[in-house]
Amino acid sequence: MFYLSHIVLISYISCNSYTFAEQFPKSDKNGQELLLCRKCGADVADSYYLFSKPSPGAHKTDKQNLFGRQNVTVQTLVNPFGIKFDVVTAEKARCDNIGPNQGADSWFPGYSWRICACPHCGQHLGWTFEKSISNNIDSDSSDNVKSFHGLILRNILGENFTDSLIMMPKMYKIDLQGCYQSCEKM
């Protein structure tokens, strides 16, 4: 019975549709993928929009192959309380920005920040960084990025990884329709 309930749950999950980001249409972008909230599975960004925005305050910077992309910049950032975050930066993401813009303790000088939360479940995904108004006036012409998102790696998943979690090995595949019919007889 325990095994049967897991099969029914897996088939239920795979048959239901989730809220998808309308501004991130799916298309073939060289194997790139949607980034999902680790807590609820809502799509929050497209790996197409990942870009490198170096922080002078990064404790470590690596290049990794993530989300169907090669050489994605991953930065380890530490907040004033000593908590470390591995962060990727994205030009676009779906998130609810919480609270007023904060200028203090920004990892990106010239940018204020707000908490970026999943619009579906409220999970903390990272931060939205916006160029400060005073910085727009005295803008450095080499940095024309007005806003971007710093997404915490441990709070997001790639859709290809989640797809691998719900795939059943061929030897365990069964006729679910037949299963439902036999369960109805019980």
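No experiment lies behind these values; they were computed from the predicted model shown. Computation of the quantities below employed the complete heavy-atom set of this structure, encompassing side-chain atoms and omitting hydrogens, waters and symmetry-equivalent molecules.
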Do [X] and [Y] have side-chain heavy atoms sitting under 4.5 Å apart?
{"X": "C95", "Y": "H149", "value": "yes"}
{"X": "I115", "Y": "N97", "value": "no"}
{"X": "R69", "Y": "S47", "value": "yes"}
{"X": "Q123", "Y": "N155", "value": "yes"}
{"X": "N101", "Y": "W113", "value": "no"}

Taking [Y]'s backbone N and O only, do any of them form a donor-acceptor pair with [X]'s side chain (distance below 3.5 Å, no angle check)?
{"X": "S55", "Y": "W107", "value": "yes"}
{"X": "N79", "Y": "G82", "value": "yes"}
{"X": "E159", "Y": "L34", "value": "yes"}
{"X": "R94", "Y": "C118", "value": "no"}

Which atom of [X] lies closest to which atom of [Y], heavy atoms considered:
{"X": "P119", "Y": "D96", "answer": "CA-OD2, 3.4 Å"}
{"X": "L50", "Y": "A90", "answer": "CD2-CB, 3.9 Å"}
{"X": "H120", "Y": "C40", "answer": "ND1-SG, 3.7 Å"}

Please round to the nearest 0.5 Å and tell me the distance separating atom [atom1] of [X] and atom [atom2] of [Y].
{"X": "I156", "Y": "D43", "atom1": "CD1", "atom2": "CG", "result": "12.5 Å"}
{"X": "Y49", "Y": "K92", "atom1": "OH", "atom2": "NZ", "result": "4.0 Å"}
{"X": "T128", "Y": "I98", "atom1": "OG1", "atom2": "CD1", "result": "9.5 Å"}
{"X": "C121", "Y": "R38", "atom1": "SG", "atom2": "CZ", "result": "12.5 Å"}

side-chain contact (heavy atoms from CB on, under 4.5 Å) evaluation trace for L151 with L35:
CA-CA 10 Å; L151 301 175; L35 308 181; 4.2 Å; yes
Scan the side chains in residues 56-65 for donor-acceptor partners under 3.5 Å anywhere in the protein, sequence neighbours excluded, and list what turns up.
unit_1, atom_1, unit_2, atom_2, d
K63, NZ, T73, OG1, 2.7
N65, OD1, N71, N, 3.2

Cluster question for you: counting only ILVMFWY and a side-chain heavy-atom cut-off of under 4.5 Å, with indirect links fine, are I152 and V78 together?
no
Please determine whether side chain to side chain donor-acceptor pair (under 3.5 Å) holds for the pair Q75 and D86, giving the CA-CA distance in whole Å, both sets of side-chain angles, and the decisive distance to 0.1 Å.
CA-CA 5 Å; Q75 302 177 77; D86 287 334; over 6 Å; no
I would like to know whether K53 and Y111 meet side-chain contact (heavy atoms from CB on, under 4.5 Å); could you show each step before the answer?
CA-CA 12 Å; K53 177 70 174 163; Y111 289 85; 3.5 Å; yes
Ring centroid separation W127 to F85 under 6.0 Å:
yes
Which of parallel (below 30°), tilted (30 to 60°) and perpendicular (above 60°) describes F148 and F129?
parallel
Test log, rule side-chain contact (heavy atoms from CB on, under 4.5 Å), inputs V74 and L66
CA-CA 10 Å; V74 177; L66 297 169; 3.7 Å; yes
Tell me whether E130 is salt-bridged to R114, with the criterion being a basic N under 4.0 Å from an acidic carboxylate O.
yes
